[in-house]
Amino acid sequence: MAEPLTVTPEQSVHYAYFFDLDGTLAELKPHPDQVVIPPTILQMLHHLAERNAGALALISGRSMVELDALAHPWRFPLAGVHGAERRDINGKMHIVHLPSAIERDISVQLHTALAKLPGTEMETKGMAFALHYRQAPEHEAALQALALRITQTWPQLALQQGKCVVEIKPKGTNKGEAIAAFMREAPFAGRVPVFLGDDLTDETGFRVVNEAGGISVKVGEGETQAQWRLAGVPDVWRWLESVYTAQQETTMNDRRDGHESFSRSI
């Protein structure tokens, strides 16, 4: 059972930070384009990345284009579409492509079906499709059945459940695999992973982080593999502020100690 997270990471340990976005760094909204990360939170993420040699990445079901827009003006390593696309610290892209003919056929089928289910929405992500029913919960069963039929027709695809959404994505891609890939690369390699997420899609990430001896944090209610829990997005913001404050104090102490050592040497 996840315990309430009440402490900040030890500043003497080298960490690699991973954050989900919707429901973790930003409040959930009725429509994805209404979501915003507050500028102060972005600034803290930037400082956290700088303090940890750039070992901070956003891990999301959103596309990398959306993630970059939400994180502007900063440019972090990213894993989008649940790991189906990834950008490492050097800007190198790692993308799982879906054949254009399959993508086109699926898109046509989904558009036709959703036109008969008012209030539902489809989000196309290139190699993946998100079927939203937040505004029409009565159509959940219909969307689940539709998504299942698609994955049965194209076995290279898999279902991904989320909050008021079911996604169709390339099989074998998930947030856990994305985090594991980052952890094999500089500057993440050799560090202790920390991952905050709120959704079912984050559970594979929690598992990978737990196996690596890291810190896994579930945001919100619900069963989870995470070791720790924060109640909601405002609590994530307060936790980030406490981490930022602790790092600033450590930096000041390091500078003070360095100055004293220099003075004594004179």
Side-chain angles (χ1 to χ4, degrees), residues 18 20-23 32 57-67 78-88 92-117 119-134 136-185 195 197-211 222-225:
F18 301 96
D20 173 48
L21 197 146
D22 296 84
L58 303 182
I59 312 289
S60 174
R62 287 179 178 266
S63 70
M64 293 194 299
V65 171
E66 292 177 293
L67 293 175
L78 305 173
V81 196
H82 308 290
E85 54 182 20
R86 191 171 68 86
R87 183 179 72 215
D88 64 25
K92 182 178 179 180
M93 301 293 190
H94 309 262
I95 299 177
V96 177
H97 292 285
L98 195 63
S100 57
I102 293 178
E103 180 185 335
R104 183 173 56 252
D105 288 349
I106 293 174
S107 182
V108 169
Q109 288 192 33
L110 293 177
H111 273 296
T112 301
L114 265 64
K116 302 174 183 177
L117 301 171
T120 62
E121 295 182 39
M122 183 174 78
E123 185 182 357
T124 302
K125 304 179 181 182
M127 76 292 288
F129 305 85
L131 310 181
H132 296 271
Y133 52 88
R134 186 177 299 276
E138 68 274 15
H139 294 314
E140 176 183 0
L143 286 188
Q144 295 284 355
L146 172 62
L148 180 60
R149 287 198 300 273
I150 294 294
T151 58
Q152 289 174 338
T153 303
W154 287 281
Q156 63 267 59
L157 299 173
L159 294 184
Q160 175 66 66
Q161 302 294 338
K163 292 181 178 178
C164 296
V165 62
V166 57
E167 300 196 42
I168 303 167
K169 63 182 184 65
K171 185 175 290 185
T173 59
N174 59 62
K175 293 183 179 181
E177 290 296 328
I179 290 174
F182 277 122
M183 292 300 295
R184 291 191 290 268
E185 306 167 348
F195 177 43
D198 74 304
D199 207 346
L200 290 171
T201 63
D202 301 307
E203 292 297 323
T204 56
F206 296 150
R207 184 178 68 248
V208 167
V209 168
N210 291 344
E211 291 172 353
E223 292 296 321
T224 182
Q225 299 179 68

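- Between the N174 side chain and the E177 main chain, a donor and an acceptor come within less than 3.5 Å of each other.
- Counting only distance, with no hydrogens or angles, the side chain of N210 and the backbone of Q225 share a donor-acceptor pair below 3.5 Å.
- Among all heavy-atom pairs drawn from D20 and G197, the shortest one is CB-CA, 3.8 Å.
- Put simply, the side chain of T204 gets close to the backbone of G176: a donor and an acceptor are under 3.5 Å apart.
- Between the R62 side chain and the D22 main chain, no donor and acceptor come within less than 3.5 Å of each other.
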Derivation and outcome, side-chain contact (heavy atoms from CB on, under 4.5 Å), residues L148 and L159: CA-CA 7 Å; L148 180 60; L159 294 184; 4.3 Å; yes

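- Here CG of L117 is found 7.5 Å from CG of L146. Values are rounded to the nearest 0.5 Å.
- With hydrogens and angles disregarded, a donor-acceptor distance shorter than 3.5 Å links the side chain of E66 to the backbone of S63.
- A salt bridge links R86 with E185: the distance from a Lys NZ or Arg NE/NH1/NH2 to an Asp or Glu carboxylate oxygen falls below 4.0 Å.
- Residues W154 and I168 are not in side-chain contact: their nearest non-hydrogen atoms beyond the backbone lie 4.5 Å or more apart.
- A heavy-atom distance below 4.5 Å is found between the side chains of T224 and E203.
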Checking side-chain contact (heavy atoms from CB on, under 4.5 Å) for the pair V165/L143: CA distance, chi angles, key distance, verdict? CA-CA 9 Å; V165 62; L143 286 188; over 6 Å; no

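- Between the CG atom of L67 and the CG atom of L21 there is a distance of 6.0 Å, given to the nearest 0.5 Å.
- Sequence neighbours left out, the pairs with a member in residues 94-112 that pass side chain to side chain donor-acceptor pair (under 3.5 Å) are D88-H94.
- Between A178 and A79, the closest heavy-atom pair is CB-CB, 3.7 Å.
- Interatomic distance, M64 CE to E85 CD, rounded to the nearest 0.5 Å: 4.0 Å.
- How far NE2 of H139 is from OH of Y133: 13.0 Å, rounded to the nearest 0.5 Å.
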Carefully, step by step, assess L110 and T124 under the rule side-chain contact (heavy atoms from CB on, under 4.5 Å). CA-CA 10 Å; L110 293 177; T124 302; over 6 Å; no

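- Annotation: side chain of M127 is in contact with side chain of V81 (closest heavy-atom distance under 4.5 Å).
- Of the listed residues (Q161, K175, Q160), just one forms a side-chain hydrogen bond (donor to acceptor under 3.5 Å, both in side chains) with T201, and that residue is K175.
- By the ring-ring contact (aromatic ring centres under 6.0 Å, His included) test, F206 is found to be paired with F195, residues two or more places apart in sequence or in another chain being considered.
- With values rounded to the nearest 0.5 angstrom, L98 atom CG is found 5.5 Å from L157 atom CG.
- Residue pairs meeting the salt bridge (charged side-chain N to carboxylate O under 4.0 Å, His left out) criterion with at least one partner in residues 150-169, sequence neighbours excluded, are K125-E167, K163-D198.
- Within 6.0 Å of CD in Q152 there are more than 12 heavy atoms belonging to other residues, nucleotides or ligands.
- Between the CD atom of E123 and the CZ atom of F129 there is a distance of 11.5 Å, given to the nearest 0.5 Å.
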